[in-house]
Amino acid sequence: MRLSRYFLPVLKENPSEAQIASHRLMLRAGMIKQESAGIYAWLPLGYKVLRRLAQIVHEEQERAGHIPLLMPTLQSADLWRESGRYDAYGPEMLRFKDRHDREMLYGPTNEEMITDIFRTYVSSYKDLPVTLYQIQWKFRDEIRPRFGVMRGREFYMKDGYNFDLTREDALHAYNRHMVSYLRTYERMGLTAIPMRADSGPIGGDNTHEFLVLAQTGESEVFYDARVPELKLGERAVDYDDREQVAGICKEFTTLYARTDETHDVKVFEDQVPEEHRRVGRGIEVGQIFYFGTKYSEAMGAVVTTPDGRKVPVEMGSHGIGVSRLIGALIEANHDEKGIIWPEGVTPFHVGIVNLKQGDSATDAACDSIHAALVAAGLDPLYDDRDERAGSKFATMDLIGLPWRITVGPRGLANNVVELTSRRTGKSEEMSAAAAVARIKEIYAAL
RNA sequence: CGGAGCGUAGCGCAGCCUGGUAGCGCACCUGCUUCGGGAGCAGGGGGUCGGAGGUUCGAAUCCUCUCGCUCCGACCA
């Protein structure tokens with residue numbers, strides 16, 4: 001992509017409404033524009049990251065055997081009356097009437113609707129297990145939205161629902177979600193720690209939240225310093241292997257890690273050696289629940305068992321806050337100059353800075369680097385504007401592409417360009433071909 | 001919803017207290033110079049001062065109402 005043809009409205013000055021780094025940087029980098037309190041337009045650069053995160057979530061969910069579908073954002077109040085949540089859910093549920101005076105709502109979550117879909121089509125144990133998920137916009141009319149997309153009213157979320165015959169099956173689904181989530185966050189370059197949590201309005205007795213450690217997190221967290229060191233890494237996971245999946249969950253949830261909601265000072269001090277005790281803040285980026293038959297009983301989602309009985313299905317629901325993840329990613333990856341994207345989620349793989357636009361040699365070198373990267377299946381952003389070097393560097397630093405290839409007449413005289421890491425700031429001179437090869441290598445490893 | 005603030009050009013702000021026909025920086029347009037870390041000079045365009053009502057000869061400025069946004073708190077993925 002040539003920057004001169006792209007739409008990237010970067011701001012030189014800090015918008016006054018932004019209080020935290022991620023919000024400020026997303027506005028300055030031209031990723032989002034606020035349209036109402038807690039409601040944002042996703043500008044091209046932000047939308048690119050959002051789609052990238054959604055893609056990773058999709059890949060990891062499908063890898064775990066979960067099946068994507070898409071439900072409407074608008075729901076009928078009747079469904080919610082069946083579960084009893086129409087009244088139980090507070091004013092953060094946005095309610096309205098259509099022209100026929102029918103009561104509607106903008107979905108804050110979809111347990112009722114998915115249960116309705118399930119009960120319409122499934123009546124035999126033979127069709128179980130099944131886990132369905134979607135990535136869709138949700139709305140919660142927060143009293144006080146803040147921190148940009150981290151605490152918006154409208155948000156993009158992956159929500160998945162498992163339907164199983166037995167509690168054991170449902171707990172396997174729970175474990176499968178935990179592992180697939182760990183893998184998802186790792187691919188995004190994040191360390192998200194599963195912590196025992198409260199179930200809140202969804203209900204249920206088995207639940208973990210996934211927290212990304214960050215100064216600006218909304219929750220206080222207490223954990224064993226060895227937990228953030230745990231990595232799934234490259235190990236092969238067979239999601240049908242219950243023992244393996246359960247083993248991984250145990251590995252990640254045995255050491256102490258809790259939010260302030262469930263924190264127990266006594267247990268913390270008993271279980272965690274003093275030198276490993278940590279208190280910090282975290283951003284919640286996902287939560288998994290096992291809640292059994294809460295909805296299936298209320299809504300008549302039953303299946304016939306092999307011996308002819310009818311039993312309500314065992315369920316759980318599992319969410320990843322996709323839009324909020326962008327805020328969490330930036331909170332965890334930025335410096336005073338701007339964002340620093342992990343390679344796994346960057347909107348463009350590499351930036352190309354032409355230091356002397358209009359100079360035939362640098363123009364030609366940039367064109368050929370750009371073409372070579374595109375031919376390799378990569379997505380470079382070529383700053384071909386007639387701007388001064390300083391301005392181009394500042395823009396690249398702000399939008400945070402992990403790699404930058406700088407092309408100027410001075411280097412070209414020696415047949416070299418400069419490859420710079422955004423994270424370390426370190427530069428290396430090499431031939432254009434070598435720089436392209438290096439970028440290919442970096443992304444091939446992902 | 002309780003408390004506190006803010007709405008003046010695309011962005012950041014001054015002007016308001018003490019009414020007199022709207023200003024600064026950045027951005028934008030033109031020209032010249034400059035050109036490896038957000039350039040310099042010169043010229044230029046752009047605002048019914050959030051909206052409605054009122055007071056006044058005269059309102060960005062004073063009064064009333066209203067809408068929007070931000071911050072602190074309770075609430076939340």
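Here is the naming used below: chain letters follow the sequence lines, and residue numbers restart at 1 for every chain.
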Between [atom2] of [N] and [atom1] of [X], the distance in whole Å:
X	N	atom1	atom2	answer
A/E284	B/rC75	CD	C1'	13 Å
A/R281	B/rC76	CZ	P	15 Å
A/I143	B/rA77	CD1	C1'	15 Å
A/I39	B/rG68	CD1	P	12 Å
A/K33	B/rC69	NZ	C1'	12 Å
A/D260	B/rC76	CG	C1'	13 Å
A/D384	B/rC35	CG	P	22 Å
A/M150	B/rC71	CE	P	12 Å

#### Entry: Test ring-ring contact (aromatic ring centres under 6.0 Å, His included) applied to A/F139 and A/F155, A/Y106, A/Y156, the passing residue
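Single ring-ring contact (aromatic ring centres under 6.0 Å, His included) partner of A/F139 among A/F155, A/Y106, A/Y156: A/Y106.
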### Query
A/Y133 and ring-ring contact (aromatic ring centres under 6.0 Å, His included): which partner among A/H318, A/H177, A/H58?
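One option only clears the test, and that one is A/H58.
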Looking only at N and O atoms, is any donor in the side chain of [X] or the base of [N] less than 3.5 Å from an acceptor on the other one?
X	N	value
A/E13	B/rG25	yes
A/R404	B/rG37	yes
A/R146	B/rU70	no
A/R151	B/rC75	yes
A/R385	B/rG38	no

### Query
With nearest nucleotides of RNA chain B determined for A/N14 and A/R324 from heavy-atom distances, which residue corresponds to the more 5′ nucleotide?
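Its nearest nucleotide being more 5', the pick is A/N14.
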### Task
Take A/E17 and A/L355, find for each the nucleotide of RNA chain B with the closest heavy atom, and name the residue whose nucleotide sits nearer the 5' end.
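The residue whose closest nucleotide sits nearer the 5' end is A/L355.
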What is the nucleic acid contact for [X], judged by heavy atoms within less than 4.0 Å: base, sugar-phosphate only, or nothing?
X	answer
A/G90	nothing
A/G408	base
A/T395	base
A/A389	sugar-phosphate

Any strand counts, and the cut-off is 3.5 Å on both contacts for Watson-Crick or G-U wobble. Which nucleotide pairs with [N]?
N	answer
B/rU56	none
B/rG7	B/rC67
B/rU30	B/rA42
B/rC16	none
B/rC1	B/rG73

Closest listed nucleotide, where the reference is the side chain of [X] and the choices are [options]:
X	options	answer
A/Q19	B/rG37, B/rA39, B/rU70	B/rU70
A/A37	B/rG36, B/rU70, B/rG12	B/rU70
A/R410	B/rG73, B/rU70, B/rG36	B/rG36
A/F393	B/rG38, B/rG37, B/rG12	B/rG37
A/S16	B/rC13, B/rC26, B/rA74	B/rC13
A/R28	B/rA77, B/rG38, B/rG37	B/rG38
A/E142	B/rC69, B/rC1, B/rA77	B/rA77

What's the gap between [N] and [M] when it is taken at their [atom1] atoms, as a whole Å value?
N	M	atom1	value
B/rU8	B/rG2	C1'	30 Å
B/rG68	B/rC26	P	35 Å
B/rA74	B/rA27	P	42 Å
B/rC75	B/rA52	P	40 Å
B/rG36	B/rG47	P	37 Å
B/rA4	B/rC62	C1'	23 Å
B/rC57	B/rG31	C1'	47 Å
B/rC24	B/rC49	C1'	16 Å

Do any side-chain nitrogens or oxygens of [X] fall under 4.0 Å of OP1 or OP2 in [N]?
X	N	value
A/R144	B/rC71	yes
A/K12	B/rC26	no
A/Q34	B/rU70	yes

### Query
Are A/R278 and A/Y223 in a cation-pi contact, defined as NZ or CZ under 6.0 Å from the six-membered ring centre and within 45° of the axis?
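Judged by the rule, A/R278 and A/Y223 form no cation-pi pair.
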### Query
Can A/R95 be said to sit on top of A/Y86's aromatic six-ring, NZ or CZ under 6.0 Å from centre and within 45° of the ring axis?
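Satisfied, under 6.0 Å and within 45°.
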### Message
Here's a test for you: under side-chain contact (heavy atoms from CB on, under 4.5 Å), which of A/D379, A/L401, A/L373, A/L381 qualifies with A/V350?
### Response
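Considering A/D379, A/L401, A/L373, A/L381, a side-chain contact (heavy atoms from CB on, under 4.5 Å) with A/V350 is found only for A/L373.
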### Query
Between A/M113 and A/P72, which heavy-atom pair has the shortest distance, and what is it?
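For A/M113 and A/P72, the tightest heavy-atom pair comes out as SD-CD, 3.5 Å.
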### Query
Counting N and O atoms only, with roles assigned by atom type, does the side chain of A/D159 sit under 3.5 Å from a partner on the main chain of A/Y161, one being a donor and the other an acceptor?
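Such a contact is absent between A/D159 side chain and A/Y161 backbone.
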### Message
Quiz question: by atom type and distance under 3.5 Å, do the side chains of A/Q75 and A/W80 form a donor-acceptor pair?
### Response
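Indeed, the side chains of A/Q75 and A/W80 share at least one donor-acceptor pair under 3.5 Å.
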### Salt-bridge contact A/E218-A/R151 (side-chain N to carboxylate O under 4.0 Å)
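Looking at A/R151 together with A/E218, the answer is no, because their closest N to O distance does not fall below 4.0 Å.
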